[in-house]
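Take a look at the structure below.
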Amino acid sequence: MRTLLLLSWKNIWRNKGRSMALMMAIILGIAAGLLMFGLVAGLVMQRFNGLVENHLSHIQIHHKDYLREQENKMILPNPQEIRQSLAGMPAIKGYAFRTLSFGMLASGYNSSGVKITGINKSEEGGISKFSENIIDGEYLDESLRYPLLISQRNARKLRVQLGGRVVLTFQNLEGDLTSAAFRVSGIFRTSDSNFDDLNVYVNQTDLQELLGENEAYHQVAILLESHEEAENLAALLSEKLPDVDIRSWSALSPELRILVEQGGFIMYIFMVIILLGLSFGILNTMLMAVFERVQELGMLMAIGMTKVKVAAMIILETTFIALIGGVIGVMLGLGIHSLFAEEGLDLSGFADALAEFGYDAIIYPLLEAKDIGITIIMVFVTAVLAAVIPAIRAVQLNPAEAVRK
Amino acid sequence: MPIIQTKQLFKIYNEDTIPVYALRDLSLDFEEGEFTTIVGPSGSGKTTLLNMIGGLDTPTRGEVLIDGTNIASLRKGDLIDFRLRNIGFVFQSYNLIPVLTALENVSLIMELQNQDPKSTRERALQVLDEVGLSDKLHSKPSELSGGQQQRVAVARALASRPKFVLADEPTANLDSKSAMNLLDIMAKLNVEESMTFIFSTHDQRVIERARRVVTLVDGALHEDLVKSK
């Protein structure tokens, strides 16, 4: 074994340029793989957190038919019983009752169909970081009559500014149209332009007053200590509160569930593409190494080196290159990761396009030890597998012919 | 008993279509300690005969017996091990491993035989001294002349004390002085280590140094001349 190790180690340095080129390919493959793992994981996590922390939460409770019919009259029955059920549950970080309606937002210049969410600021603060999205003005200034939060996109579309007046028209609980003039108290901007186009926020009491029912709640948003508990807790709550519809984030937002579940899969597809390119590089390099050493390999087999040892020698050479490339690649990958981990990768140039899909313009890569381990193993296995064909070619040589070539 | 016997040895290519006879009905005996050269024109079957004796090729018909063992009857793995332990090879193009030093090249076979490192090193130093390269132990092949490289190859062939050494045109790539020098060394080792040498050559000066000259023509034995001592 010592002989094989020595021979393999020395062989990789006989053509330094070629070995270095191969190592460089492995280094870049691993570094790119780690960066990609980090960026995709960061992107998915930011999207998840953005949705959960802005409005989705981990669990939502609605009237049995609300999510299907979305009618204002479908308010939550017996909200007091719901509060009692939620109080003291250890996995729950916080909850907020929301009042919802769909209507028309109009200014003197333009109009837009919107979802109106009536919130209780103190409750909402316990489950949502939505206030961080306010870029101008205040979070529902209570000194104003009928304050309203509007997105920057809608403010531009309707040509209204802070303090400006807009009219919301929607159905009350009786089904009659009702209108009220609201003052723009704050302007928000999230990373999701579709969300921004569709949502306005008002004080819960104002909306309840206009709907004609002081205890009108359509939704309870619940934030948990960990999103992994959502399914279990939703099931538990469903047992306790059989008269309402209780769903976890994954049921409420199937596209988010797919993103979280498939995010890793997408990373692996990218990784496989990188590794496929790498494997062809290794295959080509090692085949060249075999063809250049036909006489020498023939001699080794002639004097009595077994085919297994000859194959092992070729695979060991690749393994050494993969090991060196792997270590440097991980270091480079972690280095690049740490560069972007704090400041983030600024893709402001594509901010509008990213916002269309609900992604932030600045991506903070997220890398776990597991991802590093998987990347290293995948590159290592690729390197060894790619060396199998050259190794087979080597052992297929006829020593009697090979020594005379 | 002869150390090597070939019995009615045939090597025929394209036997089913247009047969080409590389060896035909060749029966030869080689005794221990012989210093024999196989001569003949190109295509006469010299290399084929050496490949048969060395177990690198299989006869179409006939047998090669080494110490009474028919090597064609050995399984592939056993044949490789048999070569490793019993036969030393010297090739026309030296075929040293360029990344290893002279000492490492010579040690290689013994390491493949899993001999202990101490005795491997001692034996490698001894044979390199015998071929006059004790001052080139740590030189790589690229730092040695052709003659020196072939001496390393001879030392490598001898290092594991094989039953015999097969050398295929060992002086073909050497100048006259290096060729004669190599032959002197091989002749000396033949005597001092009682090593059996069988080598093919075209070189008349080499033929003159051999004690037995086997001449092949068209794969068949043309002449088997044993010189008197």
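Chain letters run A, B, ... following the sequence lines, proteins first and then strands; every chain starts at 1.
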Greater than 12 external heavy atoms within 6.0 Å of [X]'s [atom1]:
| X | atom1 | result |
| --- | --- | --- |
| B:Phe82 | CZ | yes |
| A:Ile389 | CD1 | no |
| A:Phe291 | CZ | yes |
| B:Ile18 | CD1 | no |

Mind checking the CG-CE spacing from B:Leu84 to A:Met305? Nearest 0.5 Å is all I need.
10.0 Å
From B:Ile97 CD1 over to A:Met299 CE, what is the distance, rounded to the nearest 0.5 angstrom?
4.0 Å
Nearest heavy atoms of B:Phe91 and A:Ala302, plus distance in Å:
CZ-CB, 3.9 Å
When every non-hydrogen atom of A:Gly304 is compared with those of B:Ile80, the smallest separation belongs to O-CG2, 3.4 Å
Largest heavy-atom contact set with chain A, pairs under 4.5 Å, which of B:Ile87, B:Leu56, B:Val99, B:Leu108:
B:Val99
Checking heavy atoms, do the side chain of A:Leu4, its backbone, both or neither come under 4.5 Å from chain B?
neither
Step through the atoms of chain A and chain B and list each donor-acceptor pair whose separation is under 3.5 Å.
{"residue": "A:Arg2", "atom": "NH1", "partner": "B:Glu111", "partner atom": "OE2", "Å": "3.4"}
{"residue": "A:Thr3", "atom": "OG1", "partner": "B:Glu111", "partner atom": "OE1", "Å": "3.3"}
{"residue": "A:Lys10", "atom": "NZ", "partner": "B:Glu104", "partner atom": "OE1", "Å": "2.8"}
{"residue": "A:Lys10", "atom": "NZ", "partner": "B:Glu104", "partner atom": "OE2", "Å": "2.9"}
{"residue": "A:Gln295", "atom": "NE2", "partner": "B:Ser93", "partner atom": "OG", "Å": "3.4"}
{"residue": "A:Met301", "atom": "O", "partner": "B:Arg83", "partner atom": "NH2", "Å": "2.9"}
{"residue": "A:Ala302", "atom": "O", "partner": "B:Arg83", "partner atom": "NE", "Å": "2.8"}
{"residue": "A:Val403", "atom": "O", "partner": "B:Asn95", "partner atom": "ND2", "Å": "3.4"}
{"residue": "A:Arg404", "atom": "NH1", "partner": "B:Thr47", "partner atom": "OG1", "Å": "3.2"}
{"residue": "A:Arg404", "atom": "NH1", "partner": "B:Asp168", "partner atom": "OD2", "Å": "2.3"}

Would you mind checking which part of B:Leu112 comes under 4.5 Å of any heavy atom in chain A, side chain (CB onward), backbone (N, CA, C, O), both or neither?
both
